[in-house]
Amino acid sequence: MKKFILKKEEPQLRPEDYKIPYPDLLNKQQLEAVFHDSGPALVIAGAGTGKTRTLVHRVARLVESGVDPHQILLLTFTRRASKEMLNRASSILDDRCKSIQGGTFHFYCSRLLHQYAERLGFPENFTIIDTTDALEVIQLVRTQLNLHQKNKRFPNKNTLLNIISTSVNKHLDIKVTIQDQYPQFIERTEDIERVAEAYAEYKSKNSVMDFDDLLIKTKELLEQHEDIRIKVASKNLHVMVDEYQDTNKLQARLTALFSSVYQNVMAVGDDAQSIYSFRGADHQNIMDFPKLFEGTRIIKLEENYRSTPQVLQAANKLLEQANFKFDKQLFSNNSDGDLPAIVKASNENMQSRFIAQVVLHLREQGLALNDLAVLFRNGRDSFDLEIELNRKNIPFVKYGGQKFTEAAHIKDVLAHVRVLVNPNDTLAWNRVLLLIDGIGPKTAQELFEWIRLSNNPYKLDLSETVSKSYFNQVKELGKLLTDLKESEYDVSTVIEKLVEYYKVFCEKRYDDYPKRLKDLGAFIDISNTFRSLPQLLEDLALDPITATAVDIESKQKEEVPLVLSTIHSAKGLEWEHVFIIQCLDGIIPSAYSVDDEDQLDEELRLLYVATTRAKQMLYYSYPALAQSAYGDYFTKPSRFLDELNDSVLEEWKLEEELPGNELPEAGTGNLLGS
């Protein structure tokens, strides 16, 4: 007789049985999300309601309950967010939390594709091109197809990439995308489709993928290969997706595929903060989550820990106007504050003077400038204010700017790394070869054709196309690349040798080369953290570093700066006092959105996001008179503010100062100009 010993099952832990005192740390709704055990769940997390805190404690709770960390997948929209969450979970439990699979959709998809690339006809060492590189490829194929002539109107490379990317992310044909968003190019549809086909062929031939490919090819991999889907999804006992309202159609489908074995999927997000449709995000994803995942449990986080009840009252009133939403009511136990201000200025300059003077007044009261923010719909909306701030010597920083890895000098060094990892990368070779004096696009192309057929692509001096005028330079490059390829240097040594080689080009090309050399020195230090060159390329492409020395040195001030930001860039941030300027019909909502119910709803959500950034005090302002190419005209304040009556907002009247008047305390509703 055979025996089979049944293991004794551990009784399910109750909240009071855990080491971490979850009931003492979380409110009732947060606790419900943290202790949700199985099946799909949608957590509607209103602004400032402790979404991250809830996710962090859920991660810790799952690990503490005995779930293998390697069977938990946490998908976020930045690698940084994932890392911070896992570090926080580790700090409240232990280092097991750091073993959780975490990262962005693109990062996770990239890992899967490198593992199974050959099933899709790609080599394992394919490289990822960023947006700048993708634009260069688009321009290249556009020129090869003779579509760069200017006798007929044709989309530029940015528009072409947007059309291709939108069609991929929204699951639309190129033709439909052009009809919906670029009707002026309908007559050129066939030519645009030719560009899209040539772009795809280039990527396949050169073993490169762009960001969109990472998603769509992972979807193809899992849908077309059942064995791989089951293998991947079987490793994901629990799947959690942060900021689900920002997912596109592809990411929603991938979420379903990743969780298709156990169906333990939790999406966390706020339908009221879905504001990125221009990037392909689909508000309908979060609304349809309960339809996609049968038996979804909906949990709402409504207690706000950020703002005063008065700010939340304005936010709730705004949200009542939305057509497509989950009903929720934000509330707060924070102390009362002043009613948000509605400030009508006679013109844009008076609006700028008002903000500059209130900023100075608040600074005198002890608030740091970076505790204040001015938010706006479009970057151009702050131009007049920037002039006024400069006139008053108020330091400010405007959100946006070039990323570290998008800087030309960093991309030059990375191009050398890319040809080491993937010798078939035409774009990288082109960048590397064009640095050398005497080599132009035609010669670079001839050299690459030789490289493609060569047994040793780095022995460039053996090519018959090499001229005597640059033979020594080509030989030096070939010797360096061969040495780096054949030797077992660590990553930082490779980067150090490449930087040493590149310095002469940097000094020759850029007047500000000392600052750029600082960046290159920093790049050597940064490279210490990477295990391999492929990992370095992948991580920097998927999670680029933000600031360069060129940017930083130009912005350094003795005092921390006031924050100016578009609303889109401000999402997820918070300040004590927030000014929202240019609150006009035609700006917010945009003139292009007023005839489309879905777009109008998104514009409303945009104002809601701006409103919920404020902790203590909020100011909506607008000029009564505006200027256009046709002259001055009277404006209309944003229609969204019409529903906010005097029980929600307090009107502030601006008057020019007369002799003897003094500036009153902020909050009295009667600030005087100068």
Side-chain angles (χ1 to χ4, degrees), residues 26-30 44-54 270 272-273 300-322 327-344 354-355 358-359 361-376 562-563 565 567 570-581 583 588 604-622 638 640-653 664-671:
L26 304 164
N27 66 36
K28 183 180 176 182
Q29 289 72 33
Q30 292 171 336
I44 303 297
T49 57
K51 168 180 69 71
T52 302
R53 181 182 183 83
T54 302
D270 184 4
Q273 295 187 69
K300 296 178 184 178
L301 306 185
E302 296 172 297
E303 182 175 356
N304 178 286
Y305 295 92
R306 174 189 298 155
S307 307
T308 65
Q310 286 70 26
V311 169
L312 297 183
Q313 189 180 10
N316 287 329
K317 278 290 183 184
L318 285 173
L319 213 50
E320 285 175 11
Q321 302 171 54
D327 288 326
K328 62 177 174 293
Q329 195 76 10
L330 294 180
F331 68 93
S332 175
N333 291 313
N334 292 340
S335 301
D336 280 343
D338 290 327
L339 286 176
I342 178 77
V343 186
K344 177 182 178 180
F354 159 72
I355 289 167
V358 175
V359 165
H361 183 64
L362 292 171
R363 182 170 66 175
E364 288 173 8
Q365 290 186 335
L367 278 173
L369 288 181
N370 63 349
D371 284 333
L372 318 173
V374 182
L375 307 183
F376 33 84
L562 170 72
V563 176
S565 176
I567 300 170
K571 186 172 171 289
L573 304 174
E574 59 184 42
W575 296 273
E576 295 293 331
H577 286 239
V578 169
F579 303 83
I580 308 172
I581 63 172
C583 294
I588 187 163
L604 176 64
R605 296 194 294 268
L606 197 60
L607 189 56
Y608 169 85
V609 166
T611 296
T612 52
R613 300 310 94 201
K615 295 163 74 174
Q616 288 295 325
M617 185 59 189
L618 176 65
Y619 312 79
Y620 300 103
S621 70
Y622 66 95
S638 172
F640 301 141
L641 298 177
D642 288 346
E643 300 296 318
L644 279 60
N645 55 35
D646 56 11
S647 67
V648 179
L649 299 181
E650 181 177 19
E651 184 180 353
W652 282 31
K653 185 179 180 183
E665 290 295 310
T668 63
N670 186 30
L671 282 177

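Excluded from the calculations below are hydrogen atoms, water molecules and symmetry mates; all remaining heavy atoms, backbone and side chain alike, are included. Bear in mind the structure is a predicted one, so any value in this text is a computation, not a measurement.
Listed by chain and number, the residues in a side-chain contact (heavy atoms from CB on, under 4.5 Å) with Ser565 are Leu375, Tyr399, Val563, Ser569, Ala570 (sequence neighbours excluded). Partners of Tyr622 by ring-ring contact (aromatic ring centres under 6.0 Å, His included), not counting sequence neighbours: none found.
Under a cut-off of 6.0 angstrom, the local environment of NZ in Lys317 is sparse, with at most 12 non-hydrogen atoms contributed by other residues, nucleotides or ligands. Crowding of Lys300 atom NZ: a count of heavy atoms from other residues, nucleotides or ligands under 6.0 Å exceeding 12.
Contact check for Asp270 versus Tyr608: side-chain heavy atoms found under the 4.5 Å cut-off. Within the 4.5 Å cutoff, the side chain of Leu641 has heavy atoms near those of the Leu607 side chain. When side chains are defined from C-beta on, Glu574 counts as touching Lys615, because their heavy atoms get closer than 4.5 Å. Under the 4.5 Å side-chain criterion, counting only non-hydrogen atoms from C-beta, Tyr620 is in contact with Ile580. Residues Phe579 and Leu562 have side chains not in contact (no heavy-atom distance under 4.5 Å, counting atoms from C-beta outward). Two residues are said to be in side-chain contact when any heavy atoms from C-beta on lie closer than 4.5 Å; Thr308 and Asn334 fail this criterion. The shortest distance between side-chain heavy atoms of Asp371 and Gln616 does not fall below 4.5 Å. In this structure the side chain of Val311 never reaches within 4.5 angstrom of the side chain of Val578, judged on heavy atoms.
Looking only at distances, a side-chain donor or acceptor of Gln310 sits under 3.5 Å from a matching main-chain atom of Gly337. Checked by atom type and distance alone, the side chain of Asn316 pairs as donor or acceptor with a backbone atom of Leu330 at under 3.5 Å. Between the side chain of Thr54 and the backbone N or O of Gln30 there is no donor-acceptor pair closer than 3.5 Å. A donor-acceptor pair under 3.5 Å is formed between the side chain of Ser332 and the backbone N or O of Asn304. Of the possible donor and acceptor atoms, none in the side chain of Arg306 sits under 3.5 Å from a partner among the backbone N and O of Ala47.
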* Dump the intermediate steps for side chain to side chain contact (heavy atoms under 4.5 Å, CB included) on Phe640 and Thr611, then the final yes or no. => CA-CA 12 Å; Phe640 301 141; Thr611 296; over 6 Å; no

* Could you check Glu651 against Asp646 for side chain to side chain contact (heavy atoms under 4.5 Å, CB included), going step by step and ending with a plain yes or no? => CA-CA 8 Å; Glu651 184 180 353; Asp646 56 11; over 6 Å; no

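To the nearest 0.5 Å, atom OG of residue Ser307 and atom CD of residue Glu576 are 10.0 Å apart. Summarising the geometry, atom NZ belonging to Lys571 is positioned 11.0 Å from atom CG belonging to Leu606; distances are rounded to the nearest 0.5 Å. Expressed to the nearest 0.5 Å, how far OG1 of Thr612 lies from CD of Gln273 amounts to 5.0 Å. Atom CH2 of Trp652 sits about 4.5 Å away from atom OH of Tyr619, to the nearest 0.5 Å. Between the CG atom in Asp327 and the CD atom in Glu320 there is a gap of 9.5 Å [rounded to 0.5 Å]. Taking CG of Leu318 as the reference point, atom CG of Leu604 lies at 6.0 Å (rounded to 0.5 Å).
Screening Val358, Ile355, Leu362 for a side chain to side chain contact (heavy atoms under 4.5 Å, CB included) with Leu372, the sole residue that qualifies is Leu362.
Of all the heavy atoms in Arg53 and Leu26, the pair that sits closest is NE-CD2, 4.0 Å. The two atoms that bring Cys583 and Ile588 nearest to each other are CA-CG2, 3.9 Å, heavy atoms only. Trp575 and Asn370 make their closest contact through CD1-O, 3.3 Å (heavy atoms, listed as atom of the first residue, atom of the second, distance).
Electrostatic pairing of Glu302 and Lys328 does not count as a salt bridge here, judged by no charged N lying under 4.0 Å from a carboxylate O.
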